[in-house]
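Below, chain A is the first sequence line, B the second, and so on; all start at residue 1. None of these values were measured; they are calculated from a predicted model.
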Amino acid sequence: MTLGLREILNKHNSLISGTAACPGCPENMAMRMLGMGLGKDTVVVVVAGCSSIIQGNAPYNSFNLPVVNIAFAAGSAAASGLARAYKQKGKDVNVVVWAGDGGTADIGFASLSGAAERNEDIIYVCVDNEAYMNSGGQRSGSTPLGAITSTTPEGKKENKKNLPFLMVSHNAPYVATASVGYPHDYIQKLKRAKEIDGFRYIHVLTPDPYGWLFDPSRTAEIAKLAVQTCYWPLFEYYNGKITVSQECLHCLDKRTRRPIKDFLSVQGRFKRVKEEDITKLEKYIDDMWEKIKELM
Amino acid sequence: MIRKIISGNEAVATAVKLARVGLTGIYPITPQTSIIEKLAEMKAQGEIQTEIVRVESEHSAMAATYGAALAGIRAFTATASQGLLYMHEMVWWVAGSRVPVVMVVGTRAVGAPWNIWNEHTDFTSERDSGWIMAFASNPQEALDLTIQAFRISEDERVFLPVMVGMDGFILSHTKTNVLIPDQEQIDDYLPPRRQPYVIDPEDPVEIGNMFPPEGYMKLRESIHLALKNSEDIIRQHGREYNKKVSPMIDYSTLNSSYRLEDADYAVVLMGAWAGDAMEAIDVLREKGIKIGMLRVRYLRPWSEKEIKENLEGKKGVLVVDRSTSFGRGGPLYIEVKSTIQDTEVKDIVTGLGGVTVGKNDMIYLFSKFVEGIKEDVTWYYPKEVGKLDIRTPRDIE
């Protein structure tokens, strides 16, 4: 399935003008694409985070979809209630949880895990900017090793929690990773998720100019670099198998991977990264791709 | 209408069935657990259509219930103790959203240390959250108040969540005679669900997004006013319940009184031990002491009118609390004291964590009170408990 730009633009516009997002905001990009992928019959449960603010002040709202804003840890459970209520009413609605990495990897993980285990008929989208960016860039469970955050000024000592694999371990019918640098790939995954029943998990990399410390004009470029350097894989997991997107087929062989330094060097958050940390990051990437290959 | 010997928890499950609840978020916690077990059993046997979400925490139980309520179906959950505290965040979230939801709390002590027995502290600690809060004194009331809770919660003049408290074990697990209304009676009493807004792609609205300070404060005031104004609405639905469903218990008032009209002294309390208090009052009356009781059935809204009418002009009022506001006294006492000015009010905190306070204790306490022992806060231990000596951090100093 391939999509032309014209076809995408005809889809539901889930983001209208006047958002309160920072310039170069990747979550804005991801939200616009959400409507392109899922269309109009969608309800979004927004978990505390940047997206709670991006909508703008009530009574106005720049998300052109019904939105339920909710406390940090409650997204997956509230979505479960919504989805079951729609089913009872005989309505076909895509119920989407829209959460950041903090709401997913840390405080919201129990309810995410519960909903995945119960195989609730919802789509969980994690917009991962790799720290608590809404409160000023504190470390989350999804922050990569070596990154400077406001609570790890010396650089984070531990690797990123690998949420997509955790969701695969939950036997979720559909798990995918995406990057806002590759809209077609992300939108296609949303469309695929829409066709599948049960719990669907999509993890989107959303590089944040203010937390990652790069110029806001370069958001899409950095989102691409993450994929090109194989730091961020693009894959889909369904029917028990992983399929890797063509954008990162080169990552399957270590010899054809672009050096991780190309990704690290363009961001301020890695400015103090040590050689040994780069080695650890490389090992993290190697291990990740080994796991992906095992599941292919 | 049929009569059955059932526990408080079964009575609540029956109320949920009769109210045709669309979704129940369930998570086990003592002593509420048999409500959700009963519902799960009814579901398995096809007796109810209710969707049951077996979530992984109380926080999620309230969130799932909230989600279903937002999507436009009648939603229910039940909890107790640590569970209520764990869902505290969502309890506020639901009230702030003005979404009709009903919850039953099987009251229980709060740790540490662990204690599974009854007291009201979990319940009373939610009194600032914006929920309407009713408290039953027997399984029959637990059933009736739960059904009325849906009616009140979904009234367009209210649109607030309602919680119904019930003494853990004392009501939740004790079986008594309960009159179970017919489905037709309840269908006649409880109209199809109404709510202020439904989250649906057909009419996209947003809920819970960032509000500027003035707007936020206005919403806060709207909750305050809705709660205050719900007083008359509760009476109205109570009268209707008496007319359409059962006249057995008088629901035309928010609080219930016993031998109070000609009484010189009044006792105020809440919950199951009202039965013991009534027996104690009968004994004292025989001795010539004119004493009566006011049982608080609604902690929120707090009916200043009824409290004043019933208590002002008495020689003395004794409030018996089964919960605490540490360093201050009992929550009921604080409420009563702030409502009536010209009458002496005294507080007793007792029965915490399952300490049994029976008829004889009540006789002792009430007569001491009438004799005129003046202390603002008294922690009362029944005789055998009073002898117990444990080391507290203070002893270590």
Identify the residue among K194(A), R200(A), R84(A) that makes a salt bridge (charged side-chain N to carboxylate O under 4.0 Å, His left out) with D121(A). R200(A)
For E89(B), which atoms come within 4.5 Å of any heavy atom of chain A: side chain, backbone, both, or neither? side chain
Shorter than 4.5 Å, heavy atoms on both sides: which option in R118(A), K87(A), E120(A), Q55(A) has the most such pairs with chain B? R118(A)
Consider only side-chain N and O atoms of D106(A) and S140(A), and report whether a donor and an acceptor are under 3.5 Å apart. no
From T206(A), N134(A), N129(A), residue fulfilling side-chain hydrogen bond (donor to acceptor under 3.5 Å, both in side chains) relative to E27(A): N129(A)
With chain B as the partner, which of T42(A), V44(A), I70(A) has the greatest number of non-hydrogen pairs under 4.5 Å? I70(A)
Top of K40(A), E117(A), K89(A) for chain B proximity - count of heavy-atom pairs under 4.5 angstrom: K89(A)
As an exercise: rank A115(A), A110(A), S80(A) by heavy-atom pairs under 4.5 Å with chain B and give me the winner. A110(A)
Which word best sums up how the rings of H88(B) and W92(B) line up, parallel for under 30°, tilted for 30 to 60°, or perpendicular for over 60°? perpendicular
H237(B) and Y189(B) aromatic ring geometry - parallel, tilted or perpendicular at 30°/60° bounds: perpendicular
So if I take each residue of residues 195-223 of chain B and look for any heavy atom under 4.5 Å from a heavy atom in chain A, which residues do I end up with? V198(B), I199(B), D200(B), P201(B), E202(B), P204(B), V205(B), E206(B), I207(B), G208(B), N209(B), M210(B), F211(B), P212(B)
Heavy atoms, side chains only, cut-off 4.5 Å: are V97(A) and I122(A) in contact? yes
Under 4.0 Å between a side-chain nitrogen and a carboxylate oxygen: does that hold for D122(B) and R108(B)? no
